[in-house]
Amino acid sequence: MKSAGGPPPNQGFAMPMMKGWVPRCIQPWMYVLTAFCFQFSGGMYLGALDGIRGTTNFMIEDVLFLLYATLAGMAVYFPLLYRMKFRFTNQQLLCCSAIVLGVCNIITMHCQSMPVLAVVCFIAGMAKIQGTFECMSNIQLWITPKRDFAAFFPVLHIILLTAIEGSGWLAAWFGHHFTWQMMHVFTVGTMSFVLITQIICCRPFCPMPRRLSLKGIDFQGALLICGLMLVLSYIAVYGDYYMWLDSLRIRLATGVAFVIFAFMLYRLHYYRYPYVELSLFTRRNVVLILVVTFFAELAFGAEHTMEEILYSEVISLEELTKETQYMWALLGMYTGILLDLYWLKVRKWKIWKLFGIAFISIAFYGMLMYFTLDINANIEQYRLAIFLRGFAYAILSPALMWALNESVPSLEQFFMSLFVFNVLHMYLAGAAGYGIYSTIFSHFMNENMMSYGQQLTLTHLDMAHFNLGEYIGNDFLHSMMMVTIKQVYGYVIWFALALAALFLLCDIPAVRTNIRKVPRWPVYAIEYLARR
């Protein structure tokens, strides 16, 4: 006798948007594959950096700016995902996202105008997150029938982190064997696959019988946020190149950022239905989660900046070799995700110690890089360090999203919180980290060069036998860069150890309880003045 509700037993997970002839056993896997197609797509691919610089006039800062434009598009679209899910059918959302991504990749192959490419990459980021969300939301109950986010977020990050590392390697592989444009051709092909499968295997379906209206969305506020994000990424990426506030461009961009930020705050405060509700920040632990996210991304900024300098400028690795080296982070990521599943899903332990383990891993990553750095070191010797930073990243990303979900139970506000979280996680802290670390590196590099240059005096050198060209040649510069990278990693080690100690202390109940009893400083000051 069949059950009264739900699919018949032993027939697999049923998806209402699939046509009847599609076997149930492969229905969710088709959406997993579709999610991978969207995650491997993008606007501009950093893995093809050598090919892009070799055939265009783009600098590394240009490619990074376009990459952050894509991430900004992904982050800013989160508050719209909830409305879009219940306004359009799955087929409309996925087909539209695939078409937009295909068109954007065709444009990026042939266009070299930075303003046009920035807009195109921003739109590509919006389409990428829309397609990924639609796929994952449809198979959420297949992953965890009880909607347990302690299981869903780690599984989600298996796809996300695999695509982050895999897309870089694939772009480098295409650039090495063919041209950098072939990655865009590949993306157009995957988007064509998405369109074909949606037309053949799926039918229009919307989980909401009465479609939600898009009226009331603060699109003007969203545009202000988009503009602010692009301006901030411009300042962070190009700041060191233009010598920060010594440049008129950076001063103008900083002024524009302040003006946009003021208008944005005014609109969020007085508009009836703002794009992001300011009451979100009063939710329990939300501000703390955002602070942890910002600090974590600042620590990971050393990986984005210092490793790029090491492999590209000092060791001079070819792009495919470098991306193959980075693939060792995947093994660490999978290990970190397994730890998250065990910690959050199986044991249900407190999250403070998990954060402490992540920052200890970052500290050990910095130590391994510090003690391994040498001009004669084999690249295989860096693999354990790469494993550790992948392990730390995979611990923090799902755990922070899970903590955010626990703090914001409202579904619509949760998507707003994901927007703020991903602005810091994917975009703002990463861009700021690149600007900070590149500036610190330049400062220490100049100091080291000046320190060694003081030794070039006529009283200490026999100029008849001293070869100045050899002294300041590549070996000397590479040695100076190695020393400078070590100095930066030294600061990263102390920073990570301090944060690890803080979280491990917070895991002690007595310490955590007493911290909560400490009054806010303004209240303490008012009470102190009242007593006088």
Side-chain angles (χ1 to χ4, degrees), residues 35-36 38-39 67-68 70-71 74-75 78 125 128-129 132-133 136 140 143-144 148-168 285-286 288-304 326-345 349 351-362 365 386-408 414-415 417-433 496 499-500 503:
F36 270 112
F38 280 111
Q39 277 299 299
L67 173 65
Y68 285 122
T70 304
L71 296 177
M74 294 174 64
F78 270 97
K128 178 178 179 176
I129 198 63
T132 304
F133 171 78
M136 298 308 298
Q140 182 187 26
I143 296 172
T144 169
D148 187 354
F149 287 98
F152 177 71
F153 285 136
V155 174
L156 169 65
H157 277 79
I158 292 176
I159 295 176
L160 300 183
L161 299 179
T162 300
I164 288 173
E165 299 298 331
S167 60
N285 292 332
V286 166
L288 179 60
I289 292 168
L290 296 178
V291 170
V292 174
T293 303
F294 185 77
F295 284 152
E297 288 297 327
L298 281 183
F300 284 117
E303 167 241 324
H304 302 309
Y326 290 158
M327 290 295 285
W328 282 88
L330 263 184
L331 184 60
M333 290 174 174
Y334 295 149
T335 308
I337 288 171
L338 289 175
L339 178 61
D340 271 343
L341 282 170
Y342 178 76
W343 197 284
L344 301 175
K345 170 66 177 174
W349 285 336
I351 204 169
W352 298 102
K353 192 178 291 181
L354 190 61
F355 289 161
I357 293 172
F359 282 105
I360 288 173
S361 300
I362 297 173
Y365 156 74
I386 294 173
F387 171 90
L388 283 175
R389 53 113 161 143
F391 176 72
Y393 192 86
I395 288 177
L396 286 170
S397 295
L400 286 167
M401 289 187 70
W402 174 83
L404 196 65
N405 177 254
E406 292 290 305
S407 301
V408 187
F414 175 62
F415 283 98
S417 68
L418 282 178
F419 157 67
V420 180
F421 171 76
N422 282 287
V423 165
L424 291 175
H425 173 56
M426 295 192 307
Y427 167 74
L428 188 58
L499 289 174
F503 287 117

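Starting from 1, each residue takes its place in the sequence as its number. Side-chain atoms are counted along with the backbone in the values below, which use heavy atoms only and exclude waters and symmetry mates.
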Could you grab the distance from atom [atom1] of [X] to atom [atom2] of [Y], nearest 0.5 Å is fine?
X	Y	atom1	atom2	result
T70	M74	OG1	CE	8.5 Å
T132	Q39	OG1	CD	4.0 Å
I164	L330	CD1	CG	9.5 Å
I351	I289	CD1	CD1	7.5 Å
I386	W328	CD1	CH2	9.5 Å
F421	T293	CZ	OG1	4.5 Å

Could you tell me whether the side chain of [Y] reaches within less than 4.5 Å of the side chain of [X], counting heavy atoms only?
X	Y	answer
E297	L424	no
Y326	R389	yes
F152	V155	no
N422	I129	no
F36	T162	yes

message: Counting only heavy atoms from other residues, nucleotides and ligands, does the tally under 6.0 Å from CH2 of W343 exceed 12?
response: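 Yes.
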Show every donor-acceptor pair shorter than 3.5 Å between a side-chain atom in residues 391-408 and any protein atom, with sequence neighbours excluded, or say none if there are none.
unit_1: S397; atom_1: OG; unit_2: Y393; atom_2: O; d: 3.1
unit_1: S407; atom_1: OG; unit_2: R284; atom_2: O; d: 3.0
unit_1: S407; atom_1: OG; unit_2: A403; atom_2: O; d: 3.0

side-chain contact (heavy atoms from CB on, under 4.5 Å) partners of A299, counting only residues at least two apart: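 A299 satisfies side-chain contact (heavy atoms from CB on, under 4.5 Å) with I362, F495 only.
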query: Listed by chain and number, what are the side-chain contact (heavy atoms from CB on, under 4.5 Å) partners of F387, not counting sequence neighbours?
result: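 Partners of F387 under the side-chain contact (heavy atoms from CB on, under 4.5 Å) test: L331, T335, L384.
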- prompt: Given the rule in the side chain to side chain contact (heavy atoms under 4.5 Å, CB included) test, do M136 and I159 qualify, once you have shown the distances and angles that lead to the verdict?
  reply: CA-CA 10 Å; M136 298 308 298; I159 295 176; 3.7 Å; yes
Which atom names give the shortest non-hydrogen contact between [X] and [Y], and what distance separates them?
X	Y	value
M333	G390	CG-O, 3.4 Å
A151	P154	O-CD, 3.4 Å
T144	D148	OG1-N, 2.9 Å

field: Check against side chain to side chain contact (heavy atoms under 4.5 Å, CB included), L418 and F415
entry: CA-CA 5 Å; L418 282 178; F415 283 98; 4.3 Å; yes
message: For a side chain to side chain contact (heavy atoms under 4.5 Å, CB included) check, start with the C-alpha distance between L354 and L339, then their side-chain angles and the critical distance, and finish with the verdict.
response: CA-CA 9 Å; L354 190 61; L339 178 61; 4.1 Å; yes
query: Taking the inter-plane angle between the rings of W349 and Y342 on a 0 to 90° scale, is it parallel (under 30°), tilted (30 to 60°) or perpendicular (over 60°)?
result: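 Aromatic pair W349/Y342 classed perpendicular.
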- request: Return the orientation label for the F503 and F355 ring planes: parallel under 30°, perpendicular over 60°, tilted otherwise.
  value: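 Plane angle over 60°, so perpendicular.
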